[in-house]
**Student:** 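Handing you this structure, nothing more for now.
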Amino acid sequence: MATKNPSFQIILGSSSKARRQILADMGYEFTIMTADIDEKSIRKEKPEDLVMALAEAKADAIVQKLLTGSNLEKDAPTTLLITADTVVVYQGIIREKPTSEKEAREFIKGYSGSHAGVVGSVMVTNLVTGKRSGGWESAEVYFHEIPDVVIDNLIDDGVTFNVAGGLMLEHPLTLPFVDAVVGSTDTVMGLSKDLTEKLLLEAL
């Protein structure tokens, strides 16, 4: 896809490789900044509220970092900051990144022959005007039976500890066992393309 030449600059507030890839696939050039926040200190009962609160907290942390570093010039071109968060919902329980091998194994075994929901938020902050637009989308992922040897390999690979619910849809070990995705695949991967485009326009 050809690179777009929008009238604004973009900062992606995420270290996620999947989000970087999605935004690049959309044709945007961007720089990356990460937010150092304690995600566990932010708790909400509803997954939709949680992902929105986390995306907002990430945006606040990066804005603060930029202000502290005096990186926001008065006559700077419009810069839009994109932050996002994703959680997996399994049998009504919110799942974030697994914290142990035991938890990762439990998560993946649960998906085997079953399904899980994914809720992902996107927040766009206009760093010049302070205007902020956010939203969330959800999707469902249905799985075939996942053999124990595949679960072992996923855990050995280590990737499962870096993603919500230990679920990386696009991983070559996971992909063959995905039966169906109801909703958009990019929502599951961490950044809904349609929602991001809509929010970029809204934040201008």
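Not measured: the values here are computed from a predicted model. The first residue in the sequence is number 1, and the count goes up from there.
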**Student:** Working to the nearest 0.5 angstrom, can you tell me the gap between M168 CE and K17 NZ?
**Tutor:**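 These two atoms lie 8.0 Å from each other.
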
**Student:** Between R19 (side chain) and G190 (backbone), is there a donor-acceptor pair under 3.5 Å?
**Tutor:**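 Flag set: sc R19 to bb G190 pair under 3.5 Å.
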
**Student:** Is it true that K193 and E197 have a side-chain N and a carboxylate O under 4.0 angstrom from each other?
**Tutor:**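 So K193 does not pair with E197 through a salt bridge.
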
**Student:** Give the cluster check for L23 versus M189: same hydrophobic cluster or not, with ILVMFWY residues linked at side-chain heavy-atom distances below 4.5 Å.
**Tutor:**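 Linked within one cluster.
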
**Student:** Any donor and acceptor pair, going by atom type alone, linking the side chain of T86 with main-chain N or O of G120 inside 3.5 Å?
**Tutor:**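 Pair absent, no side-chain N/O of T86 close to backbone of G120.
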
**Student:** In terms of hydrophobic clusters joined by side-chain contacts under 4.5 Å, are V181 and I146 together?
**Tutor:**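 They do share one cluster, since a chain of ILVMFWY contacts under 4.5 Å joins V181 to I146.
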
**Student:** So does A55 get a backbone contact from the side chain of T83, meaning a donor-acceptor N/O pair under 3.5 Å?
**Tutor:**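 Checked: pair present.
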
**Student:** Are any side-chain N or O atoms of N126 and backbone N or O atoms of A203, one a donor and one an acceptor, separated by less than 3.5 Å?
**Tutor:**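 Checking the backbone N and O of A203 against the side chain of N126, a donor-acceptor pair under 3.5 Å is found.
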
**Student:** Between atom CD1 of I82 and atom OG of S14, what is the distance when rounded to the nearest 0.5 Å?
**Tutor:**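 Those atoms lie 10.0 Å apart.
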
**Student:** With rounding to the nearest 0.5 Å, note down the distance linking CD1 in I155 to CZ in R105.
**Tutor:**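 Answer rounded to 0.5 Å: 4.0 Å.
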
**Student:** Are R43 and E96 close enough for a salt bridge, meaning some N to O gap below 4.0 Å?
**Tutor:**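 E96 and R43: salt-bridged.
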
**Student:** Please round to the nearest 0.5 Å and tell me the distance separating atom OG1 of T129 and atom CG of L204.
**Tutor:**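 Here the rounded value is 8.5 Å.
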
**Student:** In terms of heavy-atom contacts, does CD1 of I93 have more than 12 from other residues, nucleotides or ligands at under 6.0 Å?
**Tutor:**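 No, the 6.0 Å shell around CD1 holds no more than 12 heavy atoms from other groups.
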
**Student:** Test question: given the 4.5 Å side-chain rule for I, L, V, M, F, W and Y, name all other residues clustered with Y142, or answer none.
**Tutor:**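 Its cluster partners, ordered by chain and number, are V182.
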
**Student:** Out of curiosity, does V89 fall in the hydrophobic cluster containing I42 (side-chain heavy atoms, cut-off under 4.5 Å, transitive links)?
**Tutor:**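 Per the 4.5 Å side-chain linkage, I42 and V89 are co-clustered.
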
**Student:** Just by distance, no angles: are the side chains of S184 and D186 close enough, under 3.5 Å, to form a donor-acceptor pair?
**Tutor:**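 Looking only at side-chain atoms, D186 and S184 do form a donor-acceptor pair, the distance falling under 3.5 Å.
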
**Student:** Are R132 and D60 ion-paired here, with the side-chain N under 4.0 Å from a carboxylate O?
**Tutor:**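 Salt bridge present between R132 and D60.
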
**Student:** Check this for me: does any side-chain nitrogen of one of R95 and E103 sit under 4.0 Å from a carboxylate oxygen of the other?
**Tutor:**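 Judged by the 4.0 Å cut-off on N to carboxylate O distance, R95 and E103 do not form a salt bridge.
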
**Student:** Report yes or no: do M123 and V119 belong to one cluster of Ile/Leu/Val/Met/Phe/Trp/Tyr joined by side chain heavy-atom distances under 4.5 Å?
**Tutor:**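 Yes: a chain of side-chain contacts under 4.5 Å links M123 to V119.
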
**Student:** Is there a path from L169 to V51 through hydrophobic residues (I, L, V, M, F, W, Y) whose side chains come within less than 4.5 Å of each other?
**Tutor:**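 Per the 4.5 Å side-chain linkage, L169 and V51 are not co-clustered.
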
**Student:** Of all the heavy-atom pairs spanning L199 and V122, show the shortest one and how long it is.
**Tutor:**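 Nearest pair, atom of L199 first, then V122: CD1-O, 3.3 Å.
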
**Student:** How long is the gap from CD1 on I62 to CG on L67, to the nearest 0.5 Å?
**Tutor:**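 Nearest 0.5 Å value for the CD1-CG distance: 12.0 Å.
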
**Student:** Atom CG in D148, atom CG in N153: separation rounded to 0.5 Å?
**Tutor:**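 So the CG of D148 and the CG of N153 are separated by 11.0 Å.
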
**Student:** Does any pair with a residue in residues 143-185 pass ring-ring contact (aromatic ring centres under 6.0 Å, His included), and if so which ones, sequence neighbours excluded?
**Tutor:**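 Matches after skipping sequence neighbours: Y111-F143.
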
